[in-house]
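Computation of the quantities below employed the complete heavy-atom set of this structure, encompassing side-chain atoms and omitting hydrogens, waters and symmetry-equivalent molecules. Both counts, for ligands and for their atoms, begin at 1 and track the order of listing.
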Amino acid sequence: MNTSLHLLLSRHSLGAKHLVEPGPDDAALDLMAEAALHAPDHGELVPYRFVVVRGAARERLGAAFADAARRAGKDEAGVAMDAERAVRPPVTVVVLARLDLGHPQVPAHEQWVAVGGALANYLNAAHALGFGGKMLSGAKVRDAGLQAAFCGPGETLVGWIALGTPARAPSTRAAKAAARDIWKDWTE
Ligand SMILES: Cc1cc2nc3c(=O)[nH]c(=O)nc-3n(C[C@H](O)[C@H](O)[C@H](O)COP(=O)(O)O)c2cc1C
């Protein structure tokens, strides 16, 4: 099979507990961002941006996650688990959407499609470079403190991508759908 297609067909998500050092460095993060920029994007609005959390910044994100967990009423075990989610992955990339809601040609749903396309390209590029990762959101994206920490005016906190080197092979699981379930010819 063609190598590029093999990469697309073999990508899978891998959670933080299966990710080890090293995470993507600047060169890899540049390539992943380049790949995101190659996704379809009506009007070339680039309605997204990424914020990289690594090194000592992981502890700060852990503290911010812990604060959010306390605001959500979690007990101390839950708080510690949320903090660990930020500290454990070698690299966490915060995904932010920045839609132009008043755009005369490109409605919001098209800009969201562009955000999703960029995210898919970003994750596929990480996979092509040998990294594993998983996109996560959860109730934390609606936490006012975390939103204030990352979002500029009008931006949406989409979530976090945990990234690192896969510590294990993917587990086998049933396909979410068969290819023939999601396309068909148009007939009357
Ligand atoms: C925007 C977005 C947010 C997500 N948030 C979560 C989440 O909070 N928790 C979770 O378990 N999966 C979440 N997922 C799904 C996983 O990232 C992953 O796609 C899913 O587990 C299926 O695995 P696969 O990517 O290997 O097909 C999210 C996906 C997207 C695109």
S.K.: Looking only at protein heavy atoms, which one is nearest to atom 25 (O) of ligand 1, and what is the separation?
M.R.: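 Residue, atom and distance for the closest contact: Ser13 OG, 2.5 Å.
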S.K.: Which of the numbered atoms in ligand 1 are below 4.0 angstrom from a heavy atom of Arg11?
M.R.: 24 (P), 25 (O)
S.K.: Check whether any N or O atom of Ser137, backbone or side chain, sits under 3.5 Å from an N or O atom of ligand 1, and answer yes or no.
M.R.: yes
S.K.: Is the closest heavy-atom distance from Gly138 to ligand 1 below 4.0 Å?
M.R.: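 Right, Gly138 reaches ligand 1.
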S.K.: For Asp82, is there an ion pair with Arg85 - N to carboxylate O distance below 4.0 angstrom?
M.R.: yes
S.K.: For His12, counting its heavy atoms only, list the atoms of ligand 1 lying under 4.0 Å from any of them.
M.R.: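 Contacts of ligand 1 toward His12, numbered from 1: 26 (O).
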S.K.: Any salt bridge between Glu21 and Arg58, counting N to O under 4.0 Å?
M.R.: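 Salt bridge between Glu21 and Arg58, a charged N being under 4.0 Å from a carboxylate O: yes.
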S.K.: Check this for me: does any side-chain nitrogen of one of Arg54 and Asp25 sit under 4.0 Å from a carboxylate oxygen of the other?
M.R.: no
S.K.: Any side-chain heavy atom of Leu129 within less than 4.5 Å of one from Leu31?
M.R.: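 In contact.
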S.K.: Which protein heavy atom lies closest to atom 9 (N) of ligand 1, and at what distance to 0.1 Å?
M.R.: Leu136 CD2, 3.4 Å
S.K.: Among Phe150, Phe65, Phe50, which residue meets the ring pair (Phe, Tyr, Trp, His ring centres under 6.0 Å) test with Trp160?
M.R.: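 That would be Phe65.
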S.K.: Short list, please: which atoms of ligand 1 are under 4.0 Å from a heavy atom of Lys176?
M.R.: 27 (O)
S.K.: Going by the order shown, which atoms of ligand 1 are within less than 4.0 Å of some heavy atom of Lys134?
M.R.: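 Those qualifying, in numeric order: 11 (O), 12 (N), 16 (C), 17 (O), 21 (O).
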S.K.: Looking at atom 14 (N) of ligand 1, what's its closest protein heavy atom, distance included?
M.R.: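 The closest one turns out to be Met135 O, 3.3 Å.
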S.K.: Check for a donor-acceptor pair, side chain of Arg98 on one end and backbone N or O of Val46 on the other, with a separation under 3.5 Å.
M.R.: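 Looks like yes, one N/O pair under 3.5 Å.
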S.K.: Please assess Leu19 against Thr165 for the test side chain to side chain contact (heavy atoms under 4.5 Å, CB included), listing each intermediate value before the final yes or no.
M.R.: CA-CA 5 Å; Leu19 300 173; Thr165 297; over 6 Å; no
